[in-house]
Protein chains: 2
Amino acid sequence: MSVEIDETDRAILRILSRDAALGAAQIGARVGLSQPAAWRRIRRLRDSGVLAGRRLELDREKLGLGVTVFLGIKLAAKGRVALEDFERAVSAIREVARVEHMLGLYDYRLRVVARDLADFERVLRRRIMTLPGVGQVEANVLLSEERRPGPL
Amino acid sequence: MSVEIDETDRAILRILSRDAALGAAQIGARVGLSQPAAWRRIRRLRDSGVLAGRRLELDREKLGLGVTVFLGIKLAAKGRVALEDFERAVSAIREVARVEHMLGLYDYRLRVVARDLADFERVLRRRIMTLPGVGQVEANVLLSEERRPGPL
DNA sequence: ATTGAAAAGACTGCCAC
DNA sequence: GTGGCAGTCTTTTCAAT
């Protein structure tokens with residue numbers, strides 16, 4: 001079920017991608033539409049599912065969560081049951097902020113958030129390494145990241 | 001500059017993490033506060049920088065962007081100039097939706113979005129492999145992902 | 001924390017193109 | 001079909017108590 005998206009819709013998505021808190025009036029002003037017209041387009045994008053939702057961007061540092069580590073995980077066994085067991089166990093770990101199921105050298109990548117490196121080590125040893133079916137694990141510490149609008 | 005955050009603030013952040021479109025009234029109802037009281041806490045979190053912003057969640061499939069690939073990149077040289085050259089060149093590639101600078105086996109990880117695998121191959125060969133200072137490149141195709149509130 | 005009031009923004013018909 | 005205008009209604013925002 002594809003959706004018709006013209007250049008004006010793309011412009012709206014680009015603007016909203018940078019700041020989803022903007023109102024229909026301000027968006028309309030930037031793309032040359034009245035407030036109701038812009039609002040109608042936004043509702044259409046929402047109803048069609050292109051706009052799936054709005055999410056918070058948090059400052060983890062100010063929340064006392066200074067360490068973000070990406071874990072690339074290769075499973076020892078890769079049957080259906082192994083994947084389900086692993087995903088269920090991962091979902092129970094509060095420190096896991098994101099689970100990416102991938103095809104390639106690694107089967108999963110986890111974004112793990114912790115207060116500091118000592119806290120991360122505790123999570124790694126007591127939670128991650130005890131996950132069912134875990135084979136090779138690779139860790140990378142996040143230094144900085146930049147989000148970009150992507151090919152809209 | 002740390003910010004005092006109590007359990008009610010955390011509850012508000014947890015609720016907003018799932019749906020940032022909710023208003024102060026609905027948030028207040030869920031944490032047992034009046035609408036102005038909830039609004040004041042939200043403004044305090046925003047002013048203190050804990051709430052850094054609101055971002056869109058898009059359905060890439062419906063936008064005709066069906067392929068997401070993560071590229072782990074190891075640079076050949078790692079001087080200050082090499083990092084800056086690489087980051088500047090990466091910023092010019094529209095298909096790069098995210099740039100993560102990391103410490104570990106890989107120096108950078110890129111989230112690349114493309115229409116399909118043929119489109120991705122074009123980006124990989126003409127944009128990524130021609131980036132300055134690129135050494136080893138590892139690719140993983142995203143199958144599915146789940147975002148979780150993390151340790152709030 | 002509650003009330004109330006002003007302002008901003010979201011939403012709806014109706015009409016023109 | 002899309003957009004604009006005018007209006008209603010809801011929510012936000014900020015007083016006052």
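FYI, side chains are in, hydrogens and waters are out, and symmetry mates aren't considered; it's all heavy atoms of this structure. Numbers restart at 1 for each chain; the letters A, B, ... are given by sequence-line order, proteins then strands. Given the structure is predicted, the values throughout are model-derived calculations rather than measurements.
The shortest distance between side-chain heavy atoms of B:Leu16 and B:Ile27 falls below 4.5 Å. Side chains of B:Leu71 and B:Val112 form a contact here, defined as non-hydrogen atoms less than 4.5 Å apart.
Listed here is the closest heavy atom pair of A:Leu75 and A:Ala82: CD1-O, 4.5 Å. Across A:Ala97 and A:Arg60, no two heavy atoms sit closer than the pair CB-NH2, 4.4 Å.
With no hydrogens or angles considered, no side-chain donor-acceptor pair links B:Tyr106 and A:Glu138 at under 3.5 Å.
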Could you list the protein-to-nucleotides 14-17 of chain C atom pairs, N/O on both sides, closer than 3.5 Å?
none

Between protein and nucleic acid, restricted to nucleotides 7-10 of chain C and to nitrogen or oxygen atoms under 3.5 Å apart, what atom pairs and distances do you find?
| unit_1 | atom_1 | unit_2 | atom_2 | d |
| --- | --- | --- | --- | --- |
| C:dA10 | OP2 | A:Ala24 | N | 3.3 |

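One can place CG of B:Leu33 at 9 Å from P of C:dT2, the figure rounded to the nearest angstrom. At whole-Å resolution of the value, CZ in A:Arg44 and C1' in D:dT2 are 11 Å apart. The nearest whole Å value for the distance from the CD atom in A:Glu7 to the C1' atom in D:dT2 is 17 Å. Distance B:Ile27 CD1 to D:dT13 P: 12 Å, rounded to the nearest Å.
Comparing D:dG3, C:dC11, C:dT2 against the side chain of A:Arg46 picks out C:dC11 as the nearest.
OP1 or OP2 of C:dT2 has at least one side-chain nitrogen or oxygen of B:Ser34 nearer than 4.0 Å.
Using a cutoff of 4.0 Å between basic side-chain nitrogens and carboxylate oxygens, B:Glu145 and A:Arg109 are not scored as salt-bridged. Checked for salt-bridge contact, B:Lys78 and B:Asp107 meet the test: a charged N lies under 4.0 Å from a carboxylate O. A salt bridge links A:Arg41 with A:Asp6: the closest approach of a Lys/Arg side-chain nitrogen to an acidic carboxylate oxygen falls below 4.0 angstrom. Residues A:Arg44 and A:Glu4 are not paired through a salt bridge, judged by the lack of any N-O separation under 4.0 Å between the basic side chain and the carboxylate. No salt bridge links B:Arg111 with B:Glu100; every basic N to acidic carboxylate O contact stays at or beyond 4.0 Å.
Nucleotides of DNA chain C nearest to A:Pro36 and B:Gly32 differ in position, and the one nearer the 5' end is that of B:Gly32.
Counting heavy atoms of neighbouring residues, nucleotides and ligands inside a 6.0 Å radius, atom CZ of B:Arg115 does not exceed 12 of them.
In DNA chain C, the stems built from three or more successive Watson-Crick or G-U pairs (distances below 3.5 Å) are C:1-5 with D:13-17, C:7-17 with D:1-11.
Residue A:Arg41 is in sugar-phosphate contact alone, with no base atom involved, counting any heavy-atom pair closer than 4.0 Å across all strands shown.
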